[in-house]
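Every chain is numbered from 1, with letters handed out A, B, ... down the list of sequences. The figures here come from the full heavy-atom set of this structure, side chains too, leaving out hydrogens, waters and symmetry mates. Owing to the predicted nature of the structure, the values given are computational and were not obtained by experimental measurement.
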Amino acid sequence: MADSPIDIRVIAHFDIDCFYAQSEVLRCPSLRGRPVGVTQKFLVVTTNYIARSLGVPKMVSIDEAKKVLPALVLVNGEDLTPYRAESKQIMAVLGRYGVVQRSGLDEGAVDITAQVKARLQCGFPALSFSSHILGWEAVSGEPGNDSGGTFVNVDSTKLELEKISGVDTALLVGSQVVSEMRSAIEKETGFQCSCGVAQNKMLAKLASSLNKPSKQTCLLSGAVERFIAPLPARKIPGVGRQTEAILLDLGVQTITDLKKVSVCQLSERLGARIGQFLYDACRGRDYTPVLDKGPPKSITVEDSFRNCTTLQQAEGILRVLAPDLIKRLDEDRVETGRRPKSLTLKWRVQGPKWNFISVSTDLPVELLSPSLSKEQRAAVAVEVASRLLLRNLGHSFHLVVLNIGATNFVETSTSDPAVRDIRSFLQAQGNSPRKELKVTSKNDARARRESFKTMTSALPAGPTGAVLGLNFSAVADSQKTPDTHIFGSGHVGDEYQLSNSSDEEDGWRDLADQLKSGVRASCPTATNFTQTQSYKDVSDQLQSQQSTDLLHSKSIFKTSHPAKLKQFFVENEDVMKLESPDSQRAGVTNTGGLHFRTQTAGSSRIANSIAKREVVPESTSQKKKRKSRNGTLDAFVIRK
DNA sequence: TGGGGTCCT
DNA sequence: AGGACCC
């Protein structure tokens with residue numbers, strides 16, 4: 001019965017190898033061959049396999065990672081925008097082969113049953129792929145390997161087809177499909193992935209993590225029990241820390257142990273749903289279909305920090321988060337036509353507990369109103385959110401995470417003319433010149449100064465006396481992503497000392513003041529940017545502490561405070577409006593590049609500070625974008 | 001431990 | 001609104 005073709009499913013679980021790290025390497029080819037870690041705040045959240053082989057696992061602190069491997073290249077990955085875009089590409093490739101259920105940006109299950117059936121329709125198809133296979137001995141007569149499966153170059157001409165059951169036949173054909181899918185992903189997106197092939201989502205996922213990176217594993221029917229029996233119960237997707245603790249209390253460590261517990265006992269301790277789920281799971285059963293979950297049910301942005309204890313500081317953070325949220329909501333609306341009905345605010349306070357506190361309210365209509373500028377809508381979001389905070393926080397508080405988001409999406413019918421108008425308006429907005437940026441509530445200098453204080457005090461303190469290389473890119477009117485910034489590309493020859501302060505906060509303020517007092521822009525030549533130095537050179541200089549050379553090279557640095565940088569540009573865009581006939585001719589709305597560095601620090605201190613920052617060469621996609629603008633350099637330097 | 005998400009209660 | 005889970 002279970003073997004009846006109608007029950008057979010072939011499920012593939014895909015897992016992009018160290019997704020963030022691979023993404024960074026792909027966008028910055030000079031990182032290839034080097035150990036790379038992607039950081040968020042003080043954490044290295046992912047490392048590539050080179051780094052892992054040199055002893056740096058994922059999810060370790062930056063300090064720890066650097067201690068183990070000083071040569072580790074760190075790239076900041078707090079902004080998920082590029083990862084989201086790449087994930088979308090990958091999922092689109094998967095979608096050509098069947099229904100995809102994604103989980104996170106880098107994983108997904110695909111039901112490839114239909115593909116397999118189509119290939120079996122004309123008899124047994126030719127197979128030619130490489131895979132680890134569990135249960136190989138039963139279908140081949142060759143000796144097998146129980147830990148991780150036998151690595152096989154499958155050649156269908158050598159298989160004894162009579163010995164192979166319907167399920168296993170389907171799984172082998174599925175493995176052929178998966179092999180082709182992996183090639184397609186790599187060819188079309190550049191990404192390598194690992195993959196598991198099995199009869200259901202759970203088994204496919206477990207199989208996918210068996211051989212990494214860039215390998216696929218097929219779990220044949222005869223090996224299912226042997227494979228899962230020794231696994232810790234915790235390995236079952238859906239069993240987390242709490243459930244594990246309860247199971248341990250029941251004397252359950254492995255899946256074998258779990259099998260001995262009755263459904264009743266499990267349900268008693270964990271509830272009927274989880275009880276039944278565990279009962280099935282430890283027997284390798286998972287009947288849940290692969291379901292396309294559609295667009296996200298919530299869109300949120302968040303930031304973490306150390307020292308937010310006043311409402312003013314919280315507002316400063318919200319002012320950074322809100323524009324990001326607005327932008328993502330606009331993009332979602334163009335794609336899906338729906339609109340969110342609720343605004344949520346979540347925060348976490350300092351303390352031992354991991355607790356998030358959340359409140360939600362009706363999302364104000366102005367937030368989505370096409371008659372308001374993005375900036376005005378962001379200001380609305382900030383106001384509403386800070387009022388929510390004010391209502392829910394006592395006089396004294398200490399926030400460490402702040403999250404603002406939208407949920408409760410409702411479809412807006414596309415036949416409604418008003419909705420169509422809004423959609424076309426939003427679509428057109430991406431193609432039309434940007435409106436003048438008005439800083440709504442922050443026009444007087446004092447308020448702005450306060451805001452800077454807020455920003456800087458709310459963010460973790462960076463090393464002082466550091467070199468900061470900044471740049472923000474020109475964006476042609478026709479480009480779809482008007483807010484793309486190329487952080488940190490530049491040229492030291494173009495670098496002007498705008499601050500004498502050794503304190504970063506003062507530096508920012510100096511910079512703002514000087515901009516206001518008539519600092520002028522000029523346009524350097526394009527060669528400044530095309531000769532961007534390779535990462536390797538910069539890195540070698542870092543290693544050998546040649547700080548002087550480094551300062552005079554065309555190095556690229558990423559600011560340690562991208563949020564602050566962004567805020568800076570938003571608040572100063574009026575004074576930074578650069579005058580250039582070129583830019584006007586090119587239809588460029590706003591361009592600029594600026595550098596400042598502090599002078600009081602000695603060179604070794606500077607070198608130290610540099611070493612703590614990420615070296616981020618211009619990525620190839622950025623380069624391409626720049627070149628696509630006809631060789632016009634839309635970047636400027638603030639000149640004294 | 002980040003910056004996101006899901007679903008269930 | 002919060003909890004447990006996932007990456």
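A donor-acceptor distance shorter than 3.5 angstrom exists from the side chain of Gln216(A) to the backbone of Ser175(A), with no hydrogens or angles considered. Between the side chain of Thr189(A) and the backbone N or O of Gln89(A), no donor-acceptor pair lies under 3.5 Å.
Using a 4.0 Å heavy-atom distance criterion, Val301(A) is classed as a sugar-phosphate-only contact. Residue contacts shown for Arg102(A) are absent, as no nucleic acid heavy atom lies under 4.0 Å away. Across all strands shown, Val401(A) has no heavy atoms under 4.0 Å from either base or sugar-phosphate atoms. Note on Asp15(A): nothing from the nucleic acid sits closer than 4.0 angstrom, heavy atoms only. Contacts of Leu80(A) with the nucleic acid, taken as non-hydrogen atoms under 4.0 Å apart, involve only primed sugar atoms and P, OP1 or OP2. Among the heavy atoms of the strands lying under 4.0 Å from Lys205(A) are primed sugar atoms or P, OP1, OP2 only; no base atom is included. Here Leu105(A) lies out of heavy-atom contact (under 4.0 Å) with every strand. Contacts of Phe19(A) with the nucleic acid, taken as non-hydrogen atoms under 4.0 Å apart, are absent.
A heavy atom lying under 4.0 Å from DNA chain C marks the following residues of residues 242-254 of chain A, by number: Gln242(A), Thr243(A). Applying a 4.0 Å cut-off to non-hydrogen atoms, the residues of residues 265-293 of chain A that approach DNA chain B are Arg273(A), Lys293(A), listed by residue number.
In terms of position along DNA chain B, the nucleotide closest to Arg348(A) lies nearer the 5' end than the nucleotide closest to the other residue of the pair Pro296(A) and Arg348(A).
Between Leu367(A) atom CG and Ile326(A) atom CD1 the span is 4.0 Å, to the nearest 0.5 Å. Atom CD of Glu302(A) is separated from atom CD1 of Ile404(A) by 12.0 Å, given to the nearest 0.5 angstrom. Atoms SG and CZ, from Cys195(A) and Phe14(A) in turn, are 3.5 Å apart once rounded to the nearest 0.5 Å.
Taking every heavy atom of both residues into account, Asn307(A) and Gln313(A) meet most closely at O-OE1, 3.4 Å.
Between Asp362(A) and Lys341(A) no salt bridge is recorded (no basic side-chain N to carboxylate O distance below 4.0 Å). Ion pair Arg387(A)/Glu315(A) not flagged as a salt bridge, since none of the NZ, NE, NH1 or NH2 atoms sits closer than 4.0 Å to an Asp/Glu carboxylate oxygen.
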Derivation and outcome, side chain to side chain donor-acceptor pair (under 3.5 Å), residues Tyr49(A) and Gln22(A): CA-CA 9 Å; Tyr49(A) 278 83; Gln22(A) 213 186 145; over 6 Å; no
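Residues Glu86(A) and Ser23(A) bring a donor and an acceptor atom of their side chains to less than 3.5 Å of each other. Counting only N and O atoms by type, the side chains of Glu186(A) and Gln192(A) include a donor and acceptor under 3.5 Å apart. In this model, no donor atom of one side chain and acceptor atom of the other lie less than 3.5 Å apart for Ser208(A) and Asp15(A).
A nucleotide of DNA chain B counts as in contact with chain A when one of its atoms lies under 4.0 Å from a heavy atom; the first and last such, 5' to 3', are dT1(B) to dT9(B). A 4.0 Å heavy-atom criterion places the boundary nucleotides of DNA chain C facing chain A at dA1(C) to dC7(C), written 5' to 3'.
In this structure, the side chain to side chain contact (heavy atoms under 4.5 Å, CB included) partners of Lys215(A), at least two apart in sequence or on a different chain, are His132(A), Asn211(A).
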For residues 281-288 of chain A, which side-chain N or O atoms pair as donor and acceptor with protein atoms under 3.5 Å away, sequence neighbours left out?
residue: Arg283(A); atom: NH1; partner: Tyr279(A); partner atom: O; Å: 2.9
residue: Arg283(A); atom: NH2; partner: Lys259(A); partner atom: O; Å: 3.0
residue: Asp286(A); atom: OD1; partner: Thr288(A); partner atom: N; Å: 3.0
residue: Asp286(A); atom: OD1; partner: Thr288(A); partner atom: OG1; Å: 2.6
residue: Asp286(A); atom: OD2; partner: Met202(A); partner atom: N; Å: 3.1
residue: Thr288(A); atom: OG1; partner: Lys201(A); partner atom: NZ; Å: 3.3

